[in-house]
Amino acid sequence: MSPAAGRTEPAVPVLVVGAGPVGLAAALALRAQGLPVTLLEADPADRVRPGSRALFVHHDSLRTLDAASPGLAARLIENGLLWHTKRTFYRGRQVYARTYPPPRPGELPRFTSLRQVETERHLLAACAAAGVRIHWGARVVGVTPDPHGVRLDAADGRRWRAAYVVAADGARSAVRQTVGIDWQGRRAEGFHVVVDIADPGPGAEPAERVFHYRHPALGGRNVMRVPFAGGFQVDLQCAPDDDPAEFAEPSAVPRWLPRVVHPRHAEAVLWVSRYRYLQVVAESLVDARRRVLLVGEAAHLFPPFGARGMNSGFADGAAAAVAVRAALEAADPASARSAVEDFDRVRRMAAHFNSAAAGQALAHMRPTSAGLVLRQRAAAVLAPWVPRFGTWLERAPYGPRTAPPSNRTGRY
Ligand SMILES: Cc1cc2nc3c(=O)[nH]c(=O)nc-3n(C[C@H](O)[C@H](O)[C@H](O)COP(=O)(O)OP(=O)(O)OC[C@H]3O[C@@H](n4cnc5c(N)ncnc54)[C@H](O)[C@@H]3O)c2cc1C
């Protein structure tokens with residue numbers, strides 16, 4: 001037991017659990033609401049977070065983050081990559097290509113693309129500048145809400161107390177499980193393999209996003225190539241009955257990668273990861289006492305199409321900060337509960353919307369009906385003459401573009 005065991009830190013208005021991108025963004029949003037913020041993170045301060053993971057920081061997120069920490073959007077944009085060209089192929093034949101104009105001076109771009117670890121580095125620096133107090137090596141194992149607040153117990157015996165807790169402790173959220181909130185949803189069949197490749201310099205693959213339906217060199221599997229600052233990601237969508245050893249093991253990657261990118265890239269692999277899709281939303285985003293607010297992957301998991309995971313987590317964090325401040329300033333307990341319940345209603349509606357949108361995209365990518373397969377094939381044949389068919393093939397893998405009904409000013 002550490003010397004800190006049994007020590008209770010002074011009570012604070014709000015604690016954030018988890019220093020992933022969403023917890024860091026929520027901490028910034030809370031600081032922007034004028035609240036002192038303490039953040040508890042299980043990992044040590046010198047942790048190394050792997051891989052590219054969530055690459056896209058979308059326009060709405062840049063706006064949200066910049067509102068919480070002015071200048072942050074500019075740093076993410078400077079350190080990210082904005083590629084301008086998208087191409088879509090069907091069985092090796094191009095069916096869509098579009099090059100977008102660069103943003104006008106002073107205008108936020110549609111997105112910036114950088115490795116999640118880089119986004120986190122900039123968020124962490126912004127948190128330090130904003131005075132967020134971070135306790136590293138603080139793994140929360142106990143959560144005890146009561147009518148006046150929440151007690152958090154760490155694995156090493158330390159204790160904290162706060163009026164409200166914003167839980168951003170990721171997909172396996174101990175906070176969510178401890179307060180007894182379950183997932184609702186399902187797991188999709190099959191898996192994806194993500195390979196990060198370092199930028200090999202001049203003569204490299206052009207900085208374009210390229211999506212292949214039914215790549216002929218890979219037995220008709222879908223493949224996406226997405227550039228980011230410093231390299232690019234190759235995302236291979238495997239079939240439900242594929243053997244992970246054949247595609248997802250690092251030793252297997254050099255066997256298939258040269259069939260979809262220049263063979264020299266097989267020498268520059270940085271990271272390989274396999275992931276399965278979960279499409280789940282917490283049955284409630286707040287606990288029964290209305291003291292704990294779940295955000296990011298602690299609250300929902302979506303298939304990655306449309307890059308809704310991290311981006312919607314930023315919107316959750318901003319909404320949680322507004323709700324916590326309103327609850328702290330409420331004239332009576334009923335108004336405080338109502339502020340927290342508003343957060344639950346609005347962000348759970350958004351989560352279900354995002355889940356359905358990502359699910360729609362997943363169904364398009366893995367058509368199970370002969371009708372949809374035929375529609376896609378017919379669209380690919382007609383695309384050179386009727387551009388809207390190519391546009392449909394390009395856009396459908398991201399799901400609908402509209403915003404949740406609760407959030408008409410933003411996308412998530
Ligand atoms: C292979 C892969 C590819 C992905 N690709 C994409 C993509 O292309 N697009 C996209 O949008 N998203 C993608 N994602 C998802 C994206 O990475 C997540 O949406 C994002 O990390 C969620 O952020 P978060 O802050 O909610 O959770 P996390 O990043 O999981 O952060 C949770 C934090 O909480 C800490 N923690 C956990 N338990 C405790 C505890 N008990 N006490 C204290 N701290 C705790 C963890 O150490 C961690 O720092 C991908 C994920 C993976 C794994």
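Each residue takes its place number in the sequence, starting with 1. In listed order, ligands and their atoms are each counted from 1. The figures that follow rest on heavy atoms only: side chains count, while hydrogens, waters and symmetry mates do not.
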In terms of residue, atom name and distance, what is the protein heavy atom nearest to [atom]?
| atom | answer |
| --- | --- |
| atom 39 (C) of ligand 1 | D169 CB, 3.7 Å |
| atom 4 (C) of ligand 1 | R53 CA, 3.7 Å |
| atom 46 (C) of ligand 1 | E41 OE2, 3.5 Å |
| atom 32 (C) of ligand 1 | A168 O, 3.4 Å |
| atom 31 (O) of ligand 1 | G20 CA, 3.4 Å |
| atom 7 (C) of ligand 1 | A54 CA, 3.5 Å |
| atom 41 (N) of ligand 1 | V140 O, 3.0 Å |

Within ligand 1, which atoms have a heavy atom of [X] less than 4.0 Å away?
| X | value |
| --- | --- |
| G170 | 27 (O), 30 (O), 32 (C) |
| A19 | 33 (C), 49 (O) |
| Y275 | 1 (C) |
| A174 | 41 (N) |
| V22 | 23 (O), 24 (P), 25 (O), 26 (O) |
| A307 | 11 (O) |
| R47 | 47 (O), 48 (C), 49 (O) |
| G309 | 11 (O), 19 (O) |

Is [X] touching ligand 1 with its side chain, its backbone, both, or neither, if touching means heavy atoms under 4.0 Å apart?
| X | result |
| --- | --- |
| S173 | neither |
| R49 | side chain |
| A42 | both |
| P21 | both |
| W271 | side chain |
| V17 | side chain |
| Q116 | side chain |

Within 45° of the six-membered ring axis of F191 and under 6.0 Å from that ring's centre, is NZ or CZ of R276 located there?
-> no

Where does the angle between the aromatic ring planes of Y213 and F211 fall among parallel (under 30°), tilted (30 to 60°) and perpendicular (over 60°)?
-> perpendicular

side-chain hydrogen bond (donor to acceptor under 3.5 Å, both in side chains) contacts touching residues 241-256 (sequence neighbours left out) | R221-D242

Residues H135, W160; criterion ring pair (Phe, Tyr, Trp, His ring centres under 6.0 Å); working and verdict = CA-CA 11 Å; H135 293 273; W160 283 268; 5.2 Å; yes

Of the non-hydrogen atoms in T112 and G80, which two are nearest, and what is the gap between them?
-> OG1-CA, 3.2 Å

Sub-3.5 Å donor-acceptor pair from the side chain of R347 to the main-chain atoms of L285, do we have one?
->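 No, the answer is negative, given that no donor and acceptor are paired below the 3.5 Å cut-off.
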
Backbone of A330 reached by a side-chain donor or acceptor of S335 within 3.5 Å | no

Could you walk me through whether M224 and N222 pass the side chain to side chain contact (heavy atoms under 4.5 Å, CB included) test, one step at a time?
-> CA-CA 7 Å; M224 174 125 83; N222 296 339; over 6 Å; no

Are the aromatic ring centres of H192 and Y277 under 6.0 angstrom apart?
->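 Yes, ring centres under 6.0 Å apart.
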
Using the benzene-type ring in the case of Trp, are the ring centres of W83 and F232 under 6.0 Å apart?
->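 No, they do not, as the ring centres are separated by 6.0 Å or more.
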
Should we say atom NE2 of H148 is surrounded by more than 12 heavy atoms from elsewhere, each under 6.0 Å from it?
-> no

Answer yes or no: does atom CZ of R133 have more than 12 heavy-atom neighbours from other residues, nucleotides or ligands under 6.0 Å?
->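 Counting neighbours around CZ of R133, 12 or fewer heavy atoms of other residues, nucleotides or ligands fall under 6.0 Å, so no.
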
contact_flag [X] ligand 1 heavy-atom lt 4.0 Å:
| X | result |
| --- | --- |
| L40 | yes |
| A138 | yes |
| G313 | no |

Salt bridge (charged side-chain N to carboxylate O under 4.0 Å, His left out) partners of R348, counting only residues at least two apart | D344

From the candidates M310, E297, H192, the one that places a heavy atom nearest atom 18 (C) of ligand 1 |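 Nearest heavy atom to atom 18 (C) of ligand 1 lies in E297.
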
Does any non-hydrogen side-chain atom of Y100 lie less than 4.5 Å from one of R110?
-> yes

In plain terms, say whether R264 and E267 are close enough for a salt bridge, that is, a side-chain N and a carboxylate O under 4.0 Å apart.
->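 Here R264 does not pair with E267 in a salt bridge, since their nearest N and O are not under 4.0 Å apart.
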
